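Below is one structure, written out as structure tokens; comments come after it.
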Amino acid sequence: MSKNKTLQNNMPSPKSRWLAIIITLLILTFFAYIFAGITSLFSYSDEAAWGNVALIKIRGIITAQEDEFTLDDQAASDEIIKLIKKAEENPDVKAILFEINSPGGSAVASKEIADEIARVSSNVNKTTIAVIREMGTSGAYWIASSTDLIIASPLSVTGSIGVISSYLEFNKLFDKYGINYRRLVAGKYKDIGSPFRNLTDEEKKKIKKQLDSVHEYFIKEIAKNRNMGVEDVRKLADGLFYLGEEAQKLGLVDVLGDKETAKDILKDTLNLPDIQLVEYKKPQGFIDALFKSFSRQSFNVGEGIGKNLVNTEAKKSIISA
Amino acid sequence: MKNLNKYLDALITPQMTKTFLLPASIWKRAGAFIIDIALLDLIVFSPFKANFASLIAGADSYQKAFQMLTASQENLSSLMMASFFIAILTISYFTILEWKLGQTVGKILFNLFLVQVPANQDEKLSKPGFWQVFTSNLSLVPFFPFIFLWPVEILSILFTNNRFMERVAKIQLIEIKIIDYYQSDV
């Protein structure tokens, strides 16, 4: 048998050949869209990839370091400071815009970010502006106050200059179920603030004293950042929050507006023909994205199961008990 | 008259055909490759185009586009990831089709076949194995060190009519030429 006939005998028929090609192409198309979707997780920005104003978003609870197991937004000071330094080092970036939507958080983390912004603000080449969206209270307001200008929506919630250290106490619940808390400490105040036992009046006073110290520090920082008298700030620092419009009248906010207002101000201040925002954010690795995706799926599964387990009748019986 | 008619019949109707198996010509190779790449562009590359467009949005020159792509580590990572996925899909296309059919779409159109290099003249031609095809397609990977194979492949085709990685994998791209023979009794 000639070589040609052998080769032709080994080849599939034209019909099955084209069928194999079409199936292969369909499978490749399917995977191409999946891979493109995965890649798009890491292709940031509706904003331009290059710009003259850095945008750093501060969203969620302010913490010292990121908790990778939580699905909620977090603003980790470690990461924010890295982004600020990166924006500072880029000679093309003329200003840094902080978009804040946070209820506050850790005092230490808030101070770290505020100090870093104050340091950059002192550098004449970089203007810093805070834009408060829905919420910029407590530690988030501390951060905003260290910028050159604060812009807030008239309906933004800001202020809440105070310190909180509340917690749940379970000692009476334990008593009800016969659970004992065995106190074994060396150092009288070692377990101060433990949720498993009663807080004594003396301990309460000690904790309150420390909270007052932090509060006083907070007030002085705001007064320094906003060029206000300490007493004026103290009057506003009862923990109450203010809407943006009211905050402007009290001197806590400079301008009412949004991100576009910030861009207009920067155009005039820096004499730039066009403002090109470039978002600086923590690069998300493939494993991070995959892990977060699995976490979210697990959460959704758990939520679904929970909803089915606690049906309407069961909910009614729980409420009535 | 009878003999004349027979002669004329012989001219119109070939009485024999002879089939030649030749190494594929450079032009047919190039043509087949271009068709395959065009097909891949339509199917594999187009979903990634939106990602690339977002990275260089606003660029009005190649220089600006390059500057934007290399502006940050994140952009480079994104680009590397997309390139990696495109390479996987491209190699999959060539490997799967060449392994199963001995041909890709471009090769079908140019009547080219991928075969194992026979050990001797009497051995029958057959389709290459999976690892042979996979090895031969490694030069499609756009990363170090495979990127150094590109000039080697081009020089190999120019001088030996066979790709370097095809020689490594012991396979050959051939074309089938069928020539009609006319025989006359006159």
Side-chain angles (χ1 to χ4, degrees), chain A residues 1-14 16-51 54 83 86-87 90 92-93 274 276-286 289, chain B residues 19-21 39-40 42-59 64-65 67-69 71-75 77-86 88-90 92-93 96-97 100-105 108 113 115 118 121-127 174 176 178:
Chain A
M1 187 183 285
S2 72
K3 283 185 183 177
N4 178 42
K5 282 211 184 299
T6 310
L7 184 62
Q8 284 176 337
N9 284 345
N10 284 341
M11 296 299 173
S13 65
S16 57
R17 184 170 61 180
W18 285 107
L19 189 64
I21 288 169
I22 289 167
I23 291 171
T24 304
L25 290 175
L26 283 173
I27 292 171
L28 287 177
T29 309
F30 173 73
F31 279 106
Y33 278 98
I34 289 188
F35 289 152
I38 292 171
T39 310
S40 69
L41 290 175
F42 311 102
S43 297
Y44 308 113
S45 74
D46 295 327
E47 320 279 2
W50 175 90
L83 296 174
K86 211 168 144 189
N90 187 345
D92 293 327
V93 167
D274 186 36
Q276 196 88 312
L277 287 179
V278 52
E279 187 179 347
Y280 279 61
K281 60 182 181 182
K282 181 190 170 191
Q284 193 175 38
F286 178 67
Chain B
T19 305
F20 293 91
L21 302 178
L39 189 61
L40 284 170
L42 193 63
I43 291 166
V44 169
F45 304 157
S46 48
F48 291 91
K49 282 178 184 170
N51 295 337
F52 291 133
S54 71
L55 290 176
I56 56 171
K64 184 76 176 285
Q67 191 183 7
M68 288 166 87
L69 277 173
S72 69
Q73 192 59 37
E74 297 81 28
N75 288 351
S77 299
S78 184
L79 190 62
M80 292 278 288
M81 185 176 297
S83 303
F84 175 72
F85 285 138
I86 288 172
I88 287 178
L89 291 166
T90 306
S92 301
Y93 167 81
I96 292 170
L97 289 181
K100 281 289 174 191
L101 308 173
Q103 295 175 296
T104 58
V105 173
I108 290 172
F113 292 88
V115 296
Q121 281 203 339
D122 297 327
E123 192 179 318
K124 297 168 187 172
L125 290 178
S126 58
K127 285 186 293 181
I174 60 171
I176 296 177
I178 300 172

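Quick note: numbers below take in every heavy atom, side chains included, and nothing from hydrogens, waters or symmetry partners. Below, read A as the first sequence line, B as the second, and so on, with proteins coming before strands; counting in each chain starts at 1. Note that the structure is predicted; figures quoted are calculated from it, not measured.
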Point to revise | Verdict with reasoning, B:Y93 to B:V44, per side chain to side chain contact (heavy atoms under 4.5 Å, CB included) | key: CA-CA 10 Å; B:Y93 167 81; B:V44 169; 6.0 Å; no
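With a 4.5 Å cut-off on side-chain heavy atoms, B:I88 and A:F31 do not count as touching. A 4.5 Å side-chain heavy-atom check between A:V278 and A:D92 finds every atom pair outside the cut-off.
Going from atom CZ of A:F35 over to atom CZ of A:F30 covers 9.5 Å, rounded to the nearest 0.5 Å. For the atom pair CD1 (A:I23) and OG (A:S16), the distance works out to 10.0 Å, reported to the nearest 0.5 Å.
Interface residue B:L97: only side-chain heavy atoms are found under 4.5 Å from chain A. Only the side chain of B:I96 comes within contact range of chain A, judged by heavy atoms closer than 4.5 Å. Of the atoms belonging to B:I108, it is side-chain heavy atoms, and not backbone ones, that fall under 4.5 Å from chain A. Using a 4.5 Å cut-off between heavy atoms, B:L42 does not touch chain A at all. Both the backbone and the side chain of A:T29 come within contact range of chain B, judged by heavy atoms closer than 4.5 Å.
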